[in-house]
Amino acid sequence: MRPRRFLPTGPLKGRIRVPGDKSISHRSIMLGALAVGETKVTGLLEGEDVLSTAAAMRAMGATVTRTGEGAWTVNGVGVGALLQPEAPLDMGNSGTSTRLLMGLVASHPITATFIGDGSLSKRPMGRVIDPLSTMGASFEASEGGRLPLILKGASPAVPIRYRLPMASAQVKSAILLAGLNTPGITTVVEPVPTRDHSERMLRGFGADLTVETDADGARVISIRGEAELKPQTIEVPGDPSSAAFFIVAALVVPGSEVLIENVGLNPTRAGIVQVLRQMGGSIEEVNPREVGGEPVADLLVKHSALKGIEVDPAIVPAMVDEFPVLFVAASLAEGVTTCTGLEELRVKESDRISVMATALAAAGARVRETEDGMVITGTGGEPLVGTNGAIATHLDHRIAMSMAVAGLASRAGVEVDDVRPIATSFPVFEAMLAKLGLEGLAQ
């Protein structure tokens, strides 16, 4: 365990560039491994989760090489040509790697064993196992559909039309990736839109993929199988989930003004920006542009007096990972913030509703946990009291970073029990925070 107390440093000032988007980083390596030829990627997030994906694709025949900071090349084997891995695929802490790779393997004639760390091994995989089984893959999973599990791919797999029972970009992506090597047309019906990186990137790599809207307003995504993917040059935009911690920190720490460069603002991901603006946050888009089919801008964020709101549950899929840090912002706003429709948060790396409610209460916030969310009464801009003992983060990187932000806006600081899990998604988080604090002190 590596505990750390995050203390108020005064205003945050300066400019930063957050690491590459995690979702796009995972997919660039996976799809590069299925294209014949060399895919070049810059701005790749070099966190442990993405490195787990890189190791798995190497184990199945692709050549994945780091050529510089954030710069990688992938020489792929082609759709249908993945090799039998000789050892279990270690997914570490990465739910995204696990579910998407299960989709890839499901339509190849190979058998793979998936293993992960203690936290990942508690997360249910049934929502992916069910549709992939319908396509012909077979599974031997641990109790409750958990890791470790053995997946035997089907060749040929059977195309399906699958209506998502709950909003999940990972389940959608797993089925579409399985559809790449399945004869015929595989279709996913998505009643609630989720992040669409898979659709954008599959098209970019040359897959025959269509997106339509049915009479009920659901998105109908179809992919034609036995695809031939073409190698690409990919510039990964900055991860909005990582930027969220610095956006909130700049909004709640008095006197702060921070420019966050190159942030991906895909509308299926950037709900946090919309919600913080509704709360009164000053977040200005500078130099908006498009990079690799994804909207990108630099964000100029200034300290703002936030007001509590009722968060529309329809926006949850566009910011599901950002709620822990939104709870921090709400704790420092004026009035009451109500969040509902967050059942998905209970099966993330930790039960993020319960863990954040406990952590924020320990730091002096007024919170009430509900079955599907949280009701938070803010301080009206007054700092939180801070913590005596250490906050239990339950090996969850987003809990650790959210409570670090809470510490910056507290009197006594907030102690986090273990900062090591931050490396899964944002290895340079602490260094970036220190840089902004030091620049603020120098002014």
Side-chain angles (χ1 to χ4, degrees), residues 23-24 26-41 53 57 60-62 74-82 96 99-110 128 131-132 134-137 153-164 168-191 193-215 217-236 266-268 290-295:
S23 298
I24 296 172
H26 279 302
R27 288 162 175 80
S28 63
I29 289 179
M30 290 182 195
L31 295 178
L34 293 175
V36 176
E38 183 172 86
T39 291
K40 294 185 175 179
V41 187
T53 292
M57 297 321 299
M60 291 188 283
V74 185
N75 281 279
V77 293
V79 172
L82 292 179
T96 303
R99 294 188 177 115
L100 269 57
L101 287 170
M102 283 165 64
L104 269 191
V105 170
S107 58
H108 282 75
I110 59 178
V128 180
L132 296 180
T134 310
M135 294 179 80
S155 181
V158 181
I160 61 170
R161 181 183 178 92
Y162 187 78
R163 187 179 180 90
L164 292 175
S168 173
Q170 292 180 357
V171 177
K172 169 180 70 176
S173 300
I175 297 166
L176 294 175
L177 289 171
L180 272 177
N181 195 41
T182 300
I185 294 174
T186 297
T187 300
V188 180
V189 181
E190 184 177 54
T194 64
R195 56 184 67 177
D196 65 355
H197 303 301
S198 292
E199 296 95 303
R200 289 176 187 245
M201 293 186 72
L202 281 163
R203 273 202 192 122
F205 272 87
D208 182 354
L209 181 141
T210 60
V211 181
E212 296 168 343
T213 304
D214 70 10
R219 291 175 82 237
V220 180
I221 307 138
S222 298
I223 190 165
R224 184 178 294 279
E226 299 177 298
E228 285 187 30
L229 301 188
K230 298 173 182 62
Q232 300 295 307
T233 299
I234 298 170
E235 184 183 337
V236 181
N266 181 313
T268 65
E290 193 166 285
V291 176
E294 296 274 348

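Residue Gln170 holds its CD atom at 9.5 Å from OG of Ser198, rounded to the nearest 0.5 Å. Residue Arg200 holds its CZ atom at 8.5 Å from CD1 of Ile24, rounded to the nearest 0.5 Å. Here the CD atom belonging to Gln232 is positioned 11.0 Å from the OG atom belonging to Ser28, to the nearest 0.5 angstrom. We find the CG-CG distance between Leu82 and Leu34 to be 5.5 Å, quoted to the nearest 0.5 Å. To the nearest 0.5 angstrom, Ile175 atom CD1 is 11.0 Å from Met102 atom CE. Distance check: Leu100 CG to Met30 CE gives 4.5 Å after rounding to the nearest 0.5 Å.
You'll find the side chain of Arg219 reaches within 4.5 Å of the side chain of Lys172, heavy atoms only. Counting heavy atoms from C-beta on, the side chains of Leu104 and Met60 never come closer than 4.5 Å. The side-chain heavy atoms of Phe205 and Thr39, taken from C-beta on, include a pair separated by under 4.5 Å. Side-chain contact check for Leu180 versus Leu229: some heavy-atom pair is nearer than 4.5 Å. Between Leu177 and Leu31, the closest side-chain pair of non-hydrogen atoms falls below 4.5 Å. A 4.5 Å side-chain heavy-atom check between Thr96 and Ser23 finds every atom pair outside the cut-off. Looking only at side-chain heavy atoms (C-beta outward), Val171 and Thr194 stay at 4.5 Å or farther from each other. Looking at Glu190 and Ile221, their side chains come closer than 4.5 Å, going by heavy atoms from C-beta outward.
Among all heavy-atom pairs drawn from Ser222 and Ile185, the shortest one is CB-CG2, 3.8 Å. Across every non-hydrogen atom of Val189 and Ala218, the tightest pair is CG1-CB, 3.9 Å. Scanning all heavy atoms of the two residues, the minimum distance from Ala137 to Ala154 falls at N-CB, 3.8 Å. In terms of heavy-atom proximity, Leu164 sits nearest to Pro191 at O-CD, 3.8 Å. Of all heavy-atom pairs between Gly78 and Val36, the closest is CA-CG2, 3.6 Å. The two residues Ser173 and Arg27 have their closest heavy-atom pair at OG-NH2, 3.2 Å.
In this structure a side-chain-to-backbone donor-acceptor pair under 3.5 Å is missing from Ser107 to Ala157. The main-chain N or O of Arg161 is never found under 3.5 Å from a side-chain atom of Thr187 such that the two would form a donor-acceptor pair.
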ask   = After noting the C-alpha distance and the side-chain angles of Val41 and Ile29, does the key distance pass the side chain to side chain contact (heavy atoms under 4.5 Å, CB included) rule?
value = CA-CA 8 Å; Val41 187; Ile29 289 179; 5.6 Å; no
ask   = Under the side chain to side chain contact (heavy atoms under 4.5 Å, CB included) criterion, do Asn266 and Arg195 qualify, and how do the steps go?
value = CA-CA 8 Å; Asn266 181 313; Arg195 56 184 67 177; 5.8 Å; no
task = Walk me through it: do His197 and His26 pass the test side chain to side chain contact (heavy atoms under 4.5 Å, CB included)?
result = CA-CA 10 Å; His197 303 301; His26 279 302; over 6 Å; no
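No donor-acceptor contact under 3.5 angstrom links the side chains of Ser168 and Arg99, judged on distance only.
Considering only residues two or more places apart in sequence or on other chains, Arg224 meets the salt bridge (charged side-chain N to carboxylate O under 4.0 Å, His left out) condition with Asp208.
Taking a 6.0 Å sphere around CD of Glu226, one finds it holds more than 12 heavy atoms contributed by other residues, nucleotides or ligands.
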